[in-house]
Asker: 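Shown below is the structure under consideration.
Residue numbers start at 1 and run along the sequence shown. Ligands are counted one by one from 1 in listed order, and the atoms in each one are counted from 1 as well.
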Amino acid sequence: MTASTQVAIVGAGPAGLLLSHLLALRGIDSIVVENRSRAYCEARQRAGLLEAGTTELLRGVGLGQRMDAEGLEHGGIYLQFAGERHHLDFKDLTGGRWVTIYAQTEIVKDLIQARLAAGAQLEFEVSDTEVADLDQDRPLLRYTDAAGTRHEVRCEAIAGCDGFHGICRDSMPPGLVQVAERGYPYSWLGILATVPPSTDELIYARHEDGFALHTMRTRQVSRLYLQVSADEDIERWPDDRIWAELRHRLGVPGWQLKDGPITEKAITPMRSFVASPMRYRRLFLAGDAAHIVPPTGAKGLNLAMADVTVLATALTSLLRDGDPAPADAYSDASLRRVWRATHFSWWMTSMLHVDPGPDRFGPELQLAQLRYVTSSRAAATTLAENYTGYYPLHWP
Ligand code: RFL
Ligand code: PHB
């Protein structure tokens with residue numbers, strides 16, 4: 001089967017779905033192909049924290065209704081170390097900025113519903129996705145649909161929104177893409193639990209036995225993370241052990257961690273990864289397809305949404321107005337934000353996690369930095385400004 005569209009989008013994660021939505025607002029047709037099922041995409045547990053600019057963007061493009069009703073606004077976080085908990089007040093430090101807890105699963109549900117209601121072409125459970133003719137102005141997307149029919153879609157641009165393990169990045173010409181990366185010698189064990197959060201705002205805790213984070217999804221559902229070793233086996237973590245370790249690392253006098261049934265449990269490796277350039281002719285990479293940050297700074301989803309906001313404007317200029325300048329600037333403009341977030345995520349990660357090894361130098365530096373961030377307004381403002389989102393998203 002042969003068809004054509006203006007933009008072929010690979011991947012129905014937050015990046016691909018939002019791009020398709022933004023392009024439609026500018027009158028540009030797209031197809032989105034996704035190799036997982038709709039139910040899988042809507043249930044995949046990942047991010048939960050949105051920068052102020054991300055929520056403003058979603059609201060501005062008609063996707064804010066449920067987020068405004070169900071999202072939880074947080075005006076700060078707690079930083080905990082040496083057995084003491086300190087509050088950082090973002091609203092005070094940044095002149096009124098905040099963050100919002102609204103799960104990635106819910107954003108994906110809202111986006112899929114909005115795209116389907118608008119009659120968008122959204123194909124789940126495809127296989128053998130390929131991109132071809134990348135040296136031409138009309139490249140090609142090929143895929144096999146859920147019923148087994150092979151399709152060829154001729155288009156004017158391809159957006160690789162297919163995540164870290166997708167095919168688009170590796171389809172760029174050999175030698176073009178440069179990778180800068182850093183692995184960390186630890187992972188996160190994350191749980192979802194049916195119990196009201198034991199805190200009003202997120203707690204980031206540096207404990208000598210490892211990092212812990214208390215976050216949440218709703219007023220009824222808690223999300224918690226523990227630093228574990230890089231090669232940790234989840235089988236070694238029965239529920240009782242997880243709760244005991246969370247109580248141990250998050251505990252301060254006078255505060256109690258409520259526990260409850262654990263409904264989901266997984267280990268995620270930590271990595272920083274940046275591929276550049278994010279474009280080859282009419283193939284554009286966005287989101288996790290081009291870059292990964294460790295989750296400590298809560299930047300991955302926000303970066304993915306920022307990339308496609310810039311990309312949608314660039315593709316509109318290219319395809320509707322015949323102006324290639326914003327598309328030419330896309331990679332450099334996005335990489336500036338990506339590297340800012342990469343630095344912040346690395347900095348938060350290095351400040352809060354325990355490195356394996358007996359060295360005293362690292363831990364003393366971490367404590368010195370944490371004392372500084374919780375006692376100097378300038379240092380606290382640096383954290384707050386990065387955490388709530390430094391650059392505004394521009395969507396005219
Ligand atoms: P996604 O979400 O990975 O979506 C890519 C989609 O492409 C599909 N795909 C293909 N489709 C067709 N053909 C192929 N060949 C394909 N190959 C892949 C995949 O099935 C998938 O549906 O990438 P996207 O859209 O760029 O979104 C990025 C975000 O998902 C990610 O950055 C965040 O979840 C990262 N992250 C966090 N980000 C935040 O901003 N705030 C947070 O609080 C936060 N917490 C987290 C996180 C990520 C975590 N994990 C599990 C990695 C917490 C965790 C634990
Ligand atoms: C989450 O809610 O899953 C979350 C929040 C903040 C982070 C990482 C994950 O830094």
Asker: Tell me: protein heavy atom nearest atom 13 (N) of ligand 1, and distance?
Answerer: Thr129 OG1, 2.8 Å
Asker: Of the backbone atoms (N, CA, C, O) and the side-chain heavy atoms from C-beta on, which set of Lys299 has a member under 4.0 Å from an atom of ligand 1: side chain, backbone, both, or neither?
Answerer: backbone
Asker: So which heavy atom in the protein is nearest atom 3 (O) of ligand 1, and how far is it from that ligand atom?
Answerer: Arg46 NH1, 2.9 Å
Asker: To which protein heavy atom is atom 45 (N) of ligand 1 closest, and what is the distance rounded to 0.1 Å?
Answerer: Ala47 CA, 3.3 Å
Asker: Given Tyr225, Phe124, Trp188, Phe164, which one has a non-hydrogen atom that is nearest to atom 55 (C) of ligand 1?
Answerer: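 Heavy atom nearest to atom 55 (C) of ligand 1 belongs to Tyr225.
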Asker: Between Ser272 and Tyr184, do the side chains contain a donor N or O and an acceptor N or O under 3.5 Å apart?
Answerer: yes
Asker: Once the angle between the rings of Trp255 and His214 is folded into 0 to 90°, is it parallel (under 30°), tilted (30 to 60°) or perpendicular (over 60°)?
Answerer: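 Geometry flag for His214 against Trp255: perpendicular rings.
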Asker: Using ring-ring contact (aromatic ring centres under 6.0 Å, His included) as the criterion, point out the one residue from Trp188, Phe81, Tyr225 that pairs with Phe211.
Answerer: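 Result for ring-ring contact (aromatic ring centres under 6.0 Å, His included) with Phe211: Trp188.
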Asker: Arg44 versus ligand 1: do any nitrogen or oxygen atoms come within less than 3.5 Å of each other?
Answerer: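 For ligand 1, there is an N or O atom that lies under 3.5 Å from one belonging to Arg44.
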Asker: Out of Asn35, Asp288, Ile292, whose heavy atom is nearest to atom 32 (O) of ligand 1?
Answerer: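 Checking each option, the heavy atom nearest atom 32 (O) of ligand 1 is found in Asp288.
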Asker: Where's the contact between Thr268 and ligand 1, heavy-atom distance under 4.0 Å: side chain, backbone, both or neither?
Answerer: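 Thr268 to ligand 1: side-chain contact only, backbone stays beyond 4.0 Å.
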Asker: Quick one: table the atom pairs, ligand 2 N or O against protein N or O, below 3.5 Å, distance rounded to 0.1 Å.
Answerer:
| residue | atom | partner | partner atom | Å |
| --- | --- | --- | --- | --- |
| ligand 2 | 2 (O) | Thr215 | OG1 | 2.8 |
| ligand 2 | 2 (O) | Arg217 | NH1 | 2.8 |
| ligand 2 | 3 (O) | Arg217 | NH2 | 2.7 |
| ligand 2 | 3 (O) | Tyr225 | OH | 2.7 |
| ligand 2 | 10 (O) | Tyr204 | OH | 2.7 |
| ligand 2 | 10 (O) | Pro295 | O | 2.9 |
| ligand 2 | 10 (O) | Thr296 | O | 3.1 |

Asker: Using a 4.0 Å heavy-atom threshold (strictly under), name the region of Ala304 that reaches ligand 1: side chain, backbone, both or neither.
Answerer: side chain
